[in-house]
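Here is the structure we will look at.
Whatever order the structure lists them in is the order used to number ligands and atoms, beginning at 1. Note that this is a predicted model, so its numbers are computed, not measured. What you see below is based on every heavy atom in this structure, not just the backbone, and it leaves out hydrogens, waters and symmetry mates.
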Amino acid sequence: MTEVKRVFQVDGKPFFTLGGQSRNSSGYNRAEAETAFRALQKLHGNTLEIPVYWEQVEPVEGQFDFTSVDELLALAREYGVRLVLLWFGTWKNGNMEYAPAWVKRDPQRFWRVIGPSGNPVWVLSSHCPATYEADERAFTRLMTHLREKDGQQGTVIAVQIQNEPGILGSDRDYGEAGQRAFESAVPADIMARLPKAEGGQVYATWQAAGARSGGTWEEVFGRQGGEYMTAWSIGQYIDKLAVAGRRIYDIPLYINVWLGEMHWRIAGDAYPSGGGVSQALDIFRWATPHVDLIAPDIYIAHPDGYREVCAIYARDDNPLFVPESAPYGSNAWNMFYALADYGAIGYHFFAIEHILDAEGNVNPQAQMMVDSFHATAAAIPLLLKYQGTDQIHAVVQQEFQGEQWYDLDGWVGLVQFGYGAFQYMGMDWRHPPKGLPMMADMGEARGRGLIFQQDENTFYLVGAAYRLHLRRKAALKEMLDPMMVSTFHQPRQAPYISVDEGHFDENGTFVVDRRRNGDETDSGVWVEPDCGVVRVVLTR
Ligand code: DGJ
């Protein structure tokens, strides 16, 4: 892997953002927002993502009211956390729900997208200069406000410009200006980049359409021409906003994506057309040089699909940032792939309020997510140091998986899932193991976490429900020593100097909180979310 580009900074230092996103209607005022902050605390997160609504901050054209933003800043400071503000402006989920009433009521001035059969769609057109100007005025006022109210403290670490932009309901704008754009030649800038984009999906589309050296969008990209033209138009619209915003207050800006890997995979139907989906990502990225990140909202549960998306968005020109993911299920373990294998520079899940029950305690259904975040929070200094190197490894127990094998520097690692299956196999089928499950427990206790190797003889572990056994790589003869082969005795032969639970202080120094030895280390190095970071030091 290559060096990870750290987009987020706090006090001039790289910052790993970990937390959740509030529900859509939580940003209107303090009373609505506070639950999300309480949930973030329970999650051990450091950053809350929460919306700012165009309709709320500019209810009357030209009259701005940033009271809600000030309330969010105050709450974040009270809770000692950072904010990512989500600008719900022209687009929200391929829709125009958050445009102010005076925009919604005036389609003559603020053009709607026109669908294929001439029907207006409930989406603002990216081809309408008046809409751009209105959004720019509001967005730059927000950035001015942030510079004035937060320029010193830096509570807001980034702003998401728009939310899942694109068109739901049409592949492109069939109105006059949109049609003109569609019928015009693909810009020379794109044509010049295409041949070098080998391997990408835009390149493949271009090849499949005949690899022409120029022409209209349809000629160059076939049936995806409408989507690509829209991606270019929307990308440029948002990039222009980014330039205008940065001129005022230069903080990280990103755009999130409603992914295309779903249903019939038809642009404008299954997902908003014109967003930075994988099949249009190159076009969208080329259109947005002033935006730091194009960030996928990953709600995919299956590990293969999840990893595929990570691989697509983790690029040299685009470090992986996951601004939204599912608040449940397999995300509690898939996230470790993003962190270890794809260098994710931040990780959030959607609807953070749901981790709390009515009494404000962690909802039992959310415990697994909370535990994964707790473990990750402890490992942030290690993530900042080792992401992008081969010294970080994901531990993820897939369904039916009892163990995982690792080729480490100087060592072979064997991770065992469940609680003790390896040692207690029972005597025969009439005499099953007592008290402990024979098979790795596939239900509650999914093994998951991270293993870091600092140097040959020092490891750090975080996570839940797994044990690591280490055996030095050696000559086969030594490996086959009867004592070493014994599954019962082998863990007792691990040459530990020390096994400690601890945490990292502000200077990044490991502080020991608790030592383990004897019975506590005889069956491998185990981790649980409340153990913090477990450090293992070995010798020959
Ligand atoms: C993705 C959007 O970005 C969020 O605002 C929210 O609508 C979720 N989808 C709901 O699943």
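At least one heavy atom of Tyr299 sits less than 4.0 Å from an atom of ligand 1. The shortest heavy-atom distance from Lys92 to ligand 1 is under 4.0 Å. Put simply, part of Asn256 is less than 4.0 Å from ligand 1, judged by heavy atoms.
Nearest protein heavy-atom neighbour of atom 9 (N) of ligand 1: Glu324 OE1, 3.7 Å. Considering only non-hydrogen protein atoms, atom 7 (O) of ligand 1 sits nearest to Asn93 ND2, 3.0 Å. If you check which protein heavy atom lies closest to atom 5 (O) of ligand 1, you get Asn24 ND2, 2.9 Å. Protein heavy atom closest to atom 10 (C) of ligand 1, with residue, atom name and distance, is Phe350 CE2, 3.6 Å.
No hydrogens or angles considered: a donor-acceptor pair under 3.5 Å links the side chains of Arg448 and Ser372. Counted by atom type alone, Arg82 and Gln153 present zero donor-acceptor pairs between their side chains at under 3.5 Å. Side-chain atoms of Asp357 and Asn363 form no donor-acceptor pair, as typed in the model, at a separation below 3.5 Å.
Ring planes of Phe37 and Tyr79: tilted class, angle from 30 to 60°.
Taking a cutoff of 4.0 Å between a charged side-chain nitrogen and a carboxylate oxygen, Arg141 and Asp65 do not qualify as a salt bridge. A salt bridge is absent between Glu218 and Arg223: the closest approach of a Lys/Arg side-chain nitrogen to an acidic carboxylate oxygen does not fall below 4.0 angstrom.
Each of the atoms 3 (O) of ligand 1 lies under 4.0 Å from some heavy atom of Asp297. The ligand atoms of ligand 1 that sit less than 4.0 angstrom from a heavy atom of Asn163 are 2 (C), 3 (O), 5 (O). Within the listing of ligand 1, atoms 1 (C), 2 (C), 3 (O) sit less than 4.0 angstrom from a heavy atom of Glu164.
Screening Trp87, Phe66, Tyr98 against Tyr53 for a ring pair (Phe, Tyr, Trp, His ring centres under 6.0 Å) leaves a single residue, Tyr98.
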